[in-house]
Amino acid sequence: MAEDVRADVCIIGGGLTGVSAALELAEKGYKVALVEAQDIGWGASGRNGGQIVPGLATDIRVLEKLVGTETAKILWDFSLGAIESIHSRVQKHQIDCDLRSGYLHAAIKKRQVEDLLSWQTALDRFGHPPTKLLRGAALRGALDSPRYLAALSDPAGGHLHPLNYTLGLAQAAQEAGAQLFVRSPVRQIKPGTEIVVETPKGAIRSGFLLVCGNAYLGQLLPSISPYVMPVGTYIAATEPLGEDRARALIPSLAAVADLNFVLDYFRLSADYRLLFGGRVSYSTVPPPQLGSAMLRRMHKVFPQLIGVQAEYAWGGNVAITRNRAPHLGRLRDNLFFAQGFSGHGVALTGWAGKLMAELIAKQSTDFDVFTRIPHRKFPGGRWLRTPALLLATTAYRLLDLV
Ligand SMILES: Cc1cc2nc3c(=O)[nH]c(=O)nc-3n(C[C@H](O)[C@H](O)[C@H](O)COP(=O)(O)OP(=O)(O)OC[C@H]3O[C@@H](n4cnc5c(N)ncnc54)[C@H](O)[C@@H]3O)c2cc1C
């Protein structure tokens with residue numbers, strides 16, 4: 001940004017939430033100005049595992065207890081709509097992002113197999129597309145790892161190249177008329193009938209503001225920051241394995257995640273690397289020797305890969321909420337925010353963008369269904385919430401170990 005700009009809607013954040021909202025609004029004819037502190041897709045959206053996971057990060061049965069069956073069902077349908085909208089956007093805008101369907105939720109322990117069965121019943125009750133429990137030879141035919149006892153095969157999930165998808169949406173938004181300003185950090189928001197958003201070299205005046213900074217927003221809006229905790233999470237990419245060797249690991253070519261609290265998640269890339277994600281850092285400081293640390297976890301899953309190197313390893317921040325459900329809301333009639341997608345943002349962010357656009361266009365108030373989810377602040381304030389979260393999660397990590 002090098003000058004002042006006027007727009008109907010200003011959007012802070014050039015991740016999947018922001019660019020989806022920009023695209024939807026520009027397609028509806030709004031004058032949109034999006035401001036991004038770094039580059040489009042620089043945040044979690046360009047760094048993530050690319051796994052398209054159905055549902056919210058909150059377990060479907062927990063969600064039902066939180067908001068009741070009727071609302072939980074609507075939210076579940078939103079998550080399926082979010083996945084459908086990825087497919088339709090990729091097709092409509094011809095986004096080259098290696099989109100593929102197929103997802104395996106993998107169980108390491110006996111109690112997790114029982115959990116998968118109970119979960120399958122809940123999914124059927126919610127009208128989810130039919131899932132299949134794989135064991136024995138059927139499991140090995142889909143995923144050749146000695147670590148898992150069973151896996152629930154879910155046709156709704158899948159995977160894609162997240163940065164290419166984000167950049168593709170951004171390009172489509174630009175082509176529809178949205179203005180995207182990169183390397184323009186927002187320093188201050190001045191609310192009012194006309195909202196003023198200030199960056200070092202220019203300001204945007206607009207009738208509406210959408211705040212989509214997620215784990216990278218910091219203290220820009222102090223009233224929403226205590227509801228999310230930025231947590232570091234990490235991925236390693238092997239050297240290219242060659243098609244035959246790669247396909248032998250995951251013959252189904254599905255994205256895979258286990259059921260542990262600190263989970264492993266992985267998939268093959270289009271150039272046949274294994275992309276292996278896992279580990280968390282509540283301080284957001286990456287673990288030392290990240291590549292080797294990730295390889296150790298990968299070898300537990302695929303001992304066949306001992307000797308294979310990690311060519312790349314990286315991390316990023318994911319914003320978690322206390323109940324892991326996304327935190328969407330209105331601060332004023334013309335100021336909305338969406339954050340806290342936890343590990344389910346690839347799909348849900350796109351839906352959040354669409355719902356914010358529909359709210360502004362007065363086409364639907366579906367956005368407000370998300371505001372029925374009760375959210376609580378992380379205890380401990382700005383400085384103590386990390387130690388508090390560490391204490392609270394230690395018990396879950398111990399459960400993973402046993
Ligand atoms: C390593 C990793 C792996 C993950 N794996 C998966 C996965 O496999 N599947 C899945 O569903 N989810 C996954 N996630 C989560 C998912 O990536 C996020 O939920 C999602 O990308 C959030 O999108 P967003 O647009 O809300 O936020 P982001 O993509 O983080 O974008 C926010 C943007 O706002 C900008 N910003 C912040 N403050 C300002 C400001 N003051 N001024 C201007 N700009 C600002 C930031 O620079 C940033 O670019 C993963 C996350 C990480 C980090």
Side-chain angles (χ1 to χ4, degrees), residues 1 10-22 34-57 79 82-83 86 103 157-163 165-166 169-170 180-189 197-200 204 210-221 225 228 230-236 255-257 263-267 275-281 284 286 290 294 313-321 324 326-328 337-353 356:
M1 281 209 79
C10 173
I11 300 170
I12 300 177
L16 280 168
T17 311
V19 295
S20 305
L34 180 150
V35 256
E36 161 58 48
Q38 308 279 348
D39 277 309
I40 300 297
W42 175 88
S45 299
R47 302 159 181 267
N48 66 62
Q51 303 216 348
I52 302 169
V53 204
L56 283 59
S79 86
I83 295 175
I86 292 180
Y103 203 90
H159 54 97
L160 48 62
H161 185 304
L163 180 58
Y165 177 55
T166 310
L169 289 180
L180 312 183
F181 298 97
V182 296
R183 290 177 212 128
S184 307
V186 174
R187 301 276 194 237
Q188 212 187 347
I189 298 171
V197 159
E198 290 182 349
T199 76
I204 296 176
L210 306 181
V211 180
C212 311
N214 206 35
Y216 294 93
L217 190 66
Q219 295 299 310
L220 188 66
L221 263 185
S225 64
V228 290
V231 171
T233 167
Y234 305 94
I235 302 181
V256 187
L263 79 171
D264 292 329
Y265 55 95
F266 47 91
R267 67 179 176 94
L275 301 189
F276 194 91
R279 296 207 59 152
V280 291
S281 157
T284 70
L290 181 59
M294 299 302 292
W314 69 92
N317 292 348
V318 55
I320 60 166
T321 56
R324 303 296 185 271
H327 182 213
L328 276 59
F337 66 90
Q339 61 175 6
F341 296 95
S342 304
H344 280 49
V346 167
L348 285 174
T349 46
W351 200 252
M356 287 192 281

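Owing to the predicted nature of the structure, the values given are computational and were not obtained by experimental measurement. Hydrogens, waters and symmetry mates are skipped; everything else that's a heavy atom, side chains included, is used. Order of appearance sets the numbers: ligands from 1, and atoms from 1 within every ligand.
- Near Gly316, the atoms of ligand 1 lying under 4.0 angstrom from a non-hydrogen atom of the residue are 53 (C).
- At under 3.5 Å, not a single nitrogen or oxygen of Asp39, backbone or side chain, sits near a nitrogen or oxygen of ligand 1.
- With hydrogens and angles disregarded, no donor-acceptor distance shorter than 3.5 Å links the side chain of Asp264 to the backbone of Ala257.
- The main-chain N or O of Ser45 is never found under 3.5 Å from a side-chain atom of Tyr165 such that the two would form a donor-acceptor pair.
- Rounding to the nearest 0.5 Å places NE2 of His344 at 12.0 Å from OG1 of Thr349.
- Proximity of Thr199 to ligand 1, defined as any heavy-atom pair under 4.0 Å, is not found for any part of the residue.
- Residue-level proximity to ligand 1 for Thr17 is carried by backbone and side chain together, each with a heavy atom below 4.0 angstrom.
- Panel note: side chain Arg267, backbone Leu160; a donor-acceptor pair is recorded below 3.5 Å.
- Here is the list of ligand 1 atoms found below 4.0 Å of a heavy atom in Tyr216: 30 (O), 37 (C), 38 (N), 46 (C).
- For ligand 1, the polar-atom distance check against Gln38 finds no nitrogen or oxygen pair separated by under 3.5 Å.
- Less than 4.0 angstrom separates some heavy atom of Pro185 from each of these atoms of ligand 1: 42 (N).
- By the 4.0 Å heavy-atom criterion, Ser342 is counted among the residues contacting ligand 1.
- At under 3.5 Å, a nitrogen or oxygen of Ala37, whether backbone or side chain, sits near a nitrogen or oxygen of ligand 1.
- For the residues Gly157, Ala352, Gly49, Gly340, the heavy atom positioned nearest atom 5 (N) of ligand 1 is part of Gly49.
- Between Met1 and Ile204 the shortest side-chain heavy-atom distance falls below 4.5 Å.
- Backbone and side-chain nitrogen or oxygen atoms of Gly345 are examined, and one is located within less than 3.5 angstrom of a nitrogen or oxygen of ligand 1.
- Taking CG from Leu290 and CD1 from Ile235, the interatomic distance works out to 10.0 Å, rounded to the nearest 0.5 Å.
- An N or O contact shorter than 3.5 Å is missing between Tyr234 and ligand 1 by distance.
- Neither the backbone nor the side chain of Trp314 comes within 4.0 Å of ligand 1, counting heavy atoms alone.
- Residue contacts with ligand 1, taken as heavy atom pairs separated by less than 4.0 Å, involve Thr233 via backbone and side-chain atoms alike.
- When non-hydrogen atoms are compared, ligand 1 lies under 4.0 Å from the backbone of Cys212 (N, CA, C, O) but not from its side chain.
- Looking at ligand 1, you'll find an N or O of Val346 within less than 3.5 Å of one of its N or O atoms.
- Contact annotation: for Gln51 versus ligand 1, heavy atoms closer than 4.0 Å belong to both the backbone and the side chain.
- Rounded to the nearest 0.5 Å, atoms CG (Leu210) and OG (Ser20) are 11.5 Å apart.
- A donor-acceptor pair is defined here as one N or O able to donate and one able to accept, closer than 3.5 Å; such a pair exists between the side chain of Thr166 and the backbone of Pro162.
- In Ile52, neither the side chain nor the backbone holds a heavy atom less than 4.0 Å from any atom of ligand 1.
- The N/O atoms of Leu16, backbone and side chain alike, include one that comes under 3.5 Å of an N/O atom in ligand 1.
- The option from Gly353, Pro326, Gly15, Ser45 that lies nearest to atom 23 (O) of ligand 1, judged by heavy atoms, is Ser45.
- For the atom pair CZ (Phe341) and CG (Asn48), the distance works out to 12.5 Å, reported to the nearest 0.5 Å.
- Atoms of ligand 1 lying under 4.0 Å from any heavy atom of Trp42, numbered from 1 in the order shown and given with element: 47 (O).
- In this structure, Ser184 contributes its side chain and Val182 its backbone to a donor-acceptor pair below 3.5 Å.
- Residue Arg47 has no N or O atom closer than 3.5 Å to an N or O atom of ligand 1.
- Considering backbone and side-chain atoms alike, Val186 places an N or O below 3.5 Å from some N or O of ligand 1.
- A distance of 6.5 Å separates CG in Leu16 from CG in Leu169, rounded to the nearest 0.5 Å.
- For ligand 1, the polar-atom distance check against Gly343 finds a nitrogen or oxygen pair separated by under 3.5 Å.
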